[in-house]
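Comments concern the structure below.
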Amino acid sequence: MIEIRVPKFPECAEPCGACFTADDKLDVFVAALLVRVGDTVEEDDVLAEVETNKTTIEVTAPRAGTVREIMVKNADSVTEDSLLMILDD
């Protein structure tokens, strides 16, 4: 099982802090889900895109697998380290 989570964006936090929630977590939203349950992915395939008010970040597969479950929808608001999806090895 491979958990795919929202990455941390330390480079974005330093300039202004505008994207942070009250508990100091970076607030982002799901801009695009690029896979569906059952899809087979390879290492480094782009699975989703998440956005802050400053940047779009591609979330990639750390290794090959099959998408087992997706926990979010497009436009959902998430924070750093939120679980996006699970892949099976």
remark   = Minimal heavy-atom distance between Pro7 and Ile57, with the atoms involved, is CG-CG2, 4.2 Å
inquiry  = Restricting to side chain to side chain contact (heavy atoms under 4.5 Å, CB included), what partner residues turn up for Asp88, sequence neighbours left out?
reply    = Arg68
ask   = Taking C-beta and beyond as the side chain, do Leu87 and Val67 meet within less than 4.5 Å on heavy atoms?
value = yes
query = Is it the case that one hydrophobic cluster holds both Val37 and Leu84, taking links as side-chain heavy atoms less than 4.5 Å apart, direct or via other members?
reply = yes
request  = Could you tell me whether the side chain of Asp89 and the main chain of Gly65 form a donor-acceptor pair under 3.5 Å?
outcome  = no
request  = Considering non-hydrogen atoms only, spot the tightest contact between Met85 and Ile70 and give its length.
outcome  = CB-CA, 4.0 Å
task = Considering non-hydrogen atoms only, spot the tightest contact between Ile2 and Pro62 and give its length.
result = CG2-CG, 3.6 Å
key: Partners meeting side chain to side chain contact (heavy atoms under 4.5 Å, CB included) with Glu69 (sequence neighbours left out)   = Met71, Ile86
request  = Begin from the C-alpha positions of Thr60 and Val46 and carry the test side-chain contact (heavy atoms from CB on, under 4.5 Å) through to its verdict.
outcome  = CA-CA 4 Å; Thr60 59; Val46 179; 4.1 Å; yes
query = Can you tell if the side chain of Ser82 reaches within under 4.5 Å of the side chain of Val72, non-hydrogen atoms only?
reply = no
message = Run Glu3 and Met1 through side-chain contact (heavy atoms from CB on, under 4.5 Å) and show every step you take.
response = CA-CA 7 Å; Glu3 292 185 345; Met1 179 177 82; 4.0 Å; yes
inquiry  = Please find the pair of heavy atoms, one from Glu42 and one from Ala61, that lie closest to each other, and give the distance.
reply    = O-CB, 3.6 Å
ask   = Taking atom CD of Glu58 and atom CD of Glu49, what is their separation to the nearest 0.5 Å?
value = 5.5 Å
Taking every non-hydrogen atom, the tightest pair across Val30 and Lys73 = CB-O, 3.5 Å
inquiry  = Do Val6 and Asp81 have side chains that approach each other closer than 4.5 Å (heavy atoms only, starting at C-beta)?
reply    = no
